[in-house]
Amino acid sequence: MRILTLITATALLASLASAADTVGATLPPLPPIPAIPAAQPMDSVPMADSRSAPEVKLDLPITPGPYAPTWESIEKNYPGTPAWLREAKFGIWVHFGPQAAGKSGDWYARNLYIPDSGAYKNHLANYGHPSEVGYKEVLRDWNPTKLDPAKLVKIYKDAGARYLIIQGVHHDQYDMWNSKYQPWNSTRLGPKRDLLGEWTKAARADGIRFGVTFHHEYSWWWWQTAFGADKDGPRAGVPYDGHLTLADGKGKWWEGLDPRLLYGVDLREYKGVAAAANQGWAPPADGIFQNHAAYAKWYATWWALRMMDVVDKYQPDFIYTDGFSSQPFSGFGTGTGQKSDAMQRVIADFYNKTLQRRGKVDVFSIVKFRGKTNGTVNTAEADIPKDIKSDQDWIAETPVGDWFYAPGFTNDSGAVIRNLLEEVSRDGNIGVSISPLPDGSLDDATVKMLKEIGEWTRLNGAGIYGSKAWTRLGEGADGKLNVLPGGKLGRKQAEHPFAASDIRFTVGKDGNLYAYCMTVPATGTQVRITSLGTTANALGKPVKSVTLLGYTGPLAWKQAPDALVVTLPDTSAFKTALGFKIETTKGDEGN
């Protein structure tokens, strides 16, 4: 019986691998999962040293072209980050998937196996005990019937977004596309829709760039909570459903679906893995899963093939890898457990394939927390850098509320707009996550927030889109910068006070300097921009004109020795922040 079940699973993966994609069956089949050694006692096996471990070279062919799967080749051949990213400046994260069904915020899939957590309690109330009804049943039942990518793209574009960051697979291992290598995907379970395909079609129809994100780098140890059990209560010691095998599915609704392709395998024998998995956020100690070398190589190959599959099918404008390391599978941070060249192979394949298709490489790859590398873009998650950061291209990413839906979010357009000003004045971009409801729709407060953001960006976009940082990012009272609090955007950011003295600068693509007051002072207030006094001479030339964006009447201003002083007209129609266009002489770039 077990042999028959294994044959069923093999046939399923074979049928997925043979499915036609947009460029033909160019990718190799996924090798079978190698033999897994018997589990050792928890926390009994030390990690092997990742520093001395050699980098594993995956036996994974890539699209032919000038890019070889090495950082040296990528850096040598990459023409530079495409200009469209600087032009875009503002993107919206489509961070959406079945974890929204838990209404518990981020990491629901992992946390539902942690007793006393909010996700665990919600799961008990809505689904049942995770020893009987686990995350696989969430996948079976989730169906976002109100998700309309075409409608949402229009809303996001109207809000001023110029690109989308679309979740392909989160840590839960559920692929949101017609996946060639993962049967636990949205075309087979839940909505039975190619959601990434729908987003791709909608983005292209509206002429908006998009990238696809991949968060499955460290899912193999992130998922270890599913192998646990309650420590007390009526089901103490009864294993959660992570322990189930392919054979256990015989006669069940999930027959033929290997749980190892969802939950992974039990790695809790390694010191610190179980403890890290049960914490709010922490990777295990740096190192290599030494008893699972064959499995680790297979896992890194599987990880890479799924990304290559998306590039093949959907031709994104960028790809995104999640983690806290110099690269996925580095042996450090979130890349712990394996050390391989998986990332380099994915990027080289992406760039060679793009060159074949487009005749140029106008795409990029996001590798979070990697240092400056020609060919990659970095991020700043829920963070506002202290100073101007122009050493590498970067996108500040943060959610409104949380990365997945939970009740009680504060949806405030002012928090988003001021976050945009903080990041753009530091020479960055922003990607703001907007969490849909579990059914795929947006609540009224979110729709209102996006509409208000769009009204502001249309009025003030001249100093945002295509802009760069000035020599100074801003100024504040008594020479101190009053900065929006970092972190997820919520009540704290919505209620943070700003004054007329709080200014942020950008240089627009028209070459003019733009100064944004981080609030809307009352009519008649004198806004004093001390950086632009004649004594400081920061522009090198006298100011010739000052325009309040969105105001057509005469504006009273003067450039005094200690400040550029602007007397505000009627400001009753303005919201959130005021933008000033400051010109010197024609052709002068104001910097």
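Position 1 is the first residue of the sequence, and the numbers go up from there.
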Hey, could you give me the [atom1]/[atom2] distance between [X] and [Y], rounded to the nearest 0.5 Å?
{"X": "Met307", "Y": "Arg345", "atom1": "CE", "atom2": "CZ", "result": "14.5 Å"}
{"X": "Leu189", "Y": "Leu262", "atom1": "CG", "atom2": "CG", "result": "9.0 Å"}
{"X": "Asn111", "Y": "Asn122", "atom1": "CG", "atom2": "CG", "result": "10.5 Å"}
{"X": "Met176", "Y": "Gln167", "atom1": "CE", "atom2": "CD", "result": "5.5 Å"}
{"X": "Leu244", "Y": "Asp241", "atom1": "CG", "atom2": "CG", "result": "5.5 Å"}
{"X": "Tyr405", "Y": "Ser104", "atom1": "OH", "atom2": "OG", "result": "10.5 Å"}

Taking the side chain from [X] and the backbone from [Y], do they hold a donor-acceptor pair closer than 3.5 Å?
{"X": "Asp248", "Y": "Thr245", "answer": "yes"}
{"X": "Gln182", "Y": "Gln173", "answer": "yes"}
{"X": "Asp49", "Y": "Ser52", "answer": "yes"}
{"X": "Asp412", "Y": "Ala415", "answer": "yes"}
{"X": "Glu269", "Y": "Gln40", "answer": "yes"}
{"X": "Glu397", "Y": "Val432", "answer": "no"}
{"X": "Glu72", "Y": "Ala68", "answer": "no"}
{"X": "Thr321", "Y": "Ile366", "answer": "yes"}
{"X": "His292", "Y": "Pro37", "answer": "no"}
{"X": "Tyr270", "Y": "Ser44", "answer": "no"}

Should [X] and [Y] count as side-chain neighbours, where that means a heavy-atom distance under 4.5 Å?
{"X": "Thr200", "Y": "Leu196", "answer": "yes"}
{"X": "Val45", "Y": "Lys271", "answer": "no"}
{"X": "Asp309", "Y": "Ser179", "answer": "yes"}
{"X": "His129", "Y": "Leu124", "answer": "yes"}
{"X": "Asn185", "Y": "Trp177", "answer": "no"}
{"X": "Met308", "Y": "Leu60", "answer": "yes"}
{"X": "Val400", "Y": "Gln493", "answer": "no"}
{"X": "Lys389", "Y": "Glu423", "answer": "no"}

Is a donor from one side chain sitting under 3.5 angstrom from an acceptor on the other, for [X] and [Y]?
{"X": "Thr446", "Y": "Asn411", "answer": "yes"}
{"X": "Asp439", "Y": "Ser441", "answer": "yes"}
{"X": "His243", "Y": "Asp266", "answer": "no"}
{"X": "Tyr314", "Y": "Asp194", "answer": "yes"}

Give the minimum heavy-atom separation between [X] and [Y], together with the two atoms involved.
{"X": "Ala342", "Y": "Ala300", "value": "CB-O, 4.1 Å"}
{"X": "Gln99", "Y": "Ala109", "value": "OE1-N, 3.0 Å"}
{"X": "Val367", "Y": "Ser326", "value": "CG1-O, 3.7 Å"}
{"X": "Pro485", "Y": "Ile384", "value": "O-CD1, 4.3 Å"}
{"X": "Ser340", "Y": "Leu58", "value": "CB-CD2, 4.2 Å"}

Check: Where does the angle between the aromatic ring planes of Tyr135 and Tyr108 fall among parallel (under 30°), tilted (30 to 60°) and perpendicular (over 60°)?
Finding: perpendicular
Check: In terms of ring plane angle, is the pair Phe318 and Tyr163 parallel, tilted or perpendicular, where the classes change at 30° and 60°?
Finding: perpendicular
Salt-bridge contact [X]-[Y] (side-chain N to carboxylate O under 4.0 Å):
{"X": "Lys339", "Y": "Glu55", "answer": "no"}
{"X": "Asp175", "Y": "Arg306", "answer": "yes"}
{"X": "Lys121", "Y": "Asp116", "answer": "no"}

Margin query: Glu132 vs Arg235, test: side-chain contact (heavy atoms from CB on, under 4.5 Å). Steps then yes/no.
Written below: CA-CA 10 Å; Glu132 299 174 351; Arg235 290 187 175 85; 3.3 Å; yes
Check for me whether the distance between the ring centres of [X] and [Y] falls short of 6.0 Å.
{"X": "Trp303", "Y": "Phe329", "answer": "yes"}
{"X": "His123", "Y": "Tyr113", "answer": "no"}
{"X": "Trp93", "Y": "Trp403", "answer": "yes"}
{"X": "Trp221", "Y": "Phe289", "answer": "no"}

Next item on the list: Evaluate the side-chain contact (heavy atoms from CB on, under 4.5 Å) criterion for residues Lys313 and Lys180: first the C-alpha distance (whole Å), next the side-chain angles of each, then the deciding distance (0.1 Å), finally the verdict.
Entry: CA-CA 10 Å; Lys313 286 184 169 78; Lys180 191 172 183 176; 3.8 Å; yes
Check: Between Leu85 and Asn429, does a side-chain contact (heavy atoms from CB on, under 4.5 Å) hold up when you go through it step by step?
Finding: CA-CA 8 Å; Leu85 179 60; Asn429 289 256; 3.8 Å; yes
Notebook entry, point to check: Yes or no on ring pair (Phe, Tyr, Trp, His ring centres under 6.0 Å) for His170 and His95, after CA distance, side-chain angles and deciding distance?
Noted result: CA-CA 9 Å; His170 203 249; His95 199 279; 4.9 Å; yes
Check: Going through the distances and angles, do Trp142 and Phe96 end up as a ring pair (Phe, Tyr, Trp, His ring centres under 6.0 Å)?
Finding: CA-CA 12 Å; Trp142 177 64; Phe96 182 64; 5.5 Å; yes
Notebook entry, point to check: Only one of Asp172, Leu257, Val169 clears side chain to side chain contact (heavy atoms under 4.5 Å, CB included) with Trp184; which?
Noted result: Leu257
Item checked: Those residues that, when tested against Asp322, pass side-chain hydrogen bond (donor to acceptor under 3.5 Å, both in side chains) (two or more places apart) -> His215, Lys368
Next item on the list: Name all residues meeting the side-chain hydrogen bond (donor to acceptor under 3.5 Å, both in side chains) criterion together with Glu217; count only those two or more places apart in sequence or in a different chain, and write none if there are none.
Entry: none
Item checked: ring pair (Phe, Tyr, Trp, His ring centres under 6.0 Å), paired with Tyr78, selected from Tyr351, Phe350, Tyr67, Trp71 -> Tyr351
Notebook entry, point to check: Testing Tyr174, Trp223, Trp254, Trp222 for ring pair (Phe, Tyr, Trp, His ring centres under 6.0 Å) with Tyr263, which one passes?
Noted result: Trp223
Next item on the list: Check the pair Ser325 / Ser330 against side-chain hydrogen bond (donor to acceptor under 3.5 Å, both in side chains), numbers first and verdict last.
Entry: CA-CA 7 Å; Ser325 185; Ser330 64; 2.4 Å; yes
Next item on the list: Check salt bridge (charged side-chain N to carboxylate O under 4.0 Å, His left out) between Asp286 and all other residues, then give those that pass, not counting sequence neighbours.
Entry: none
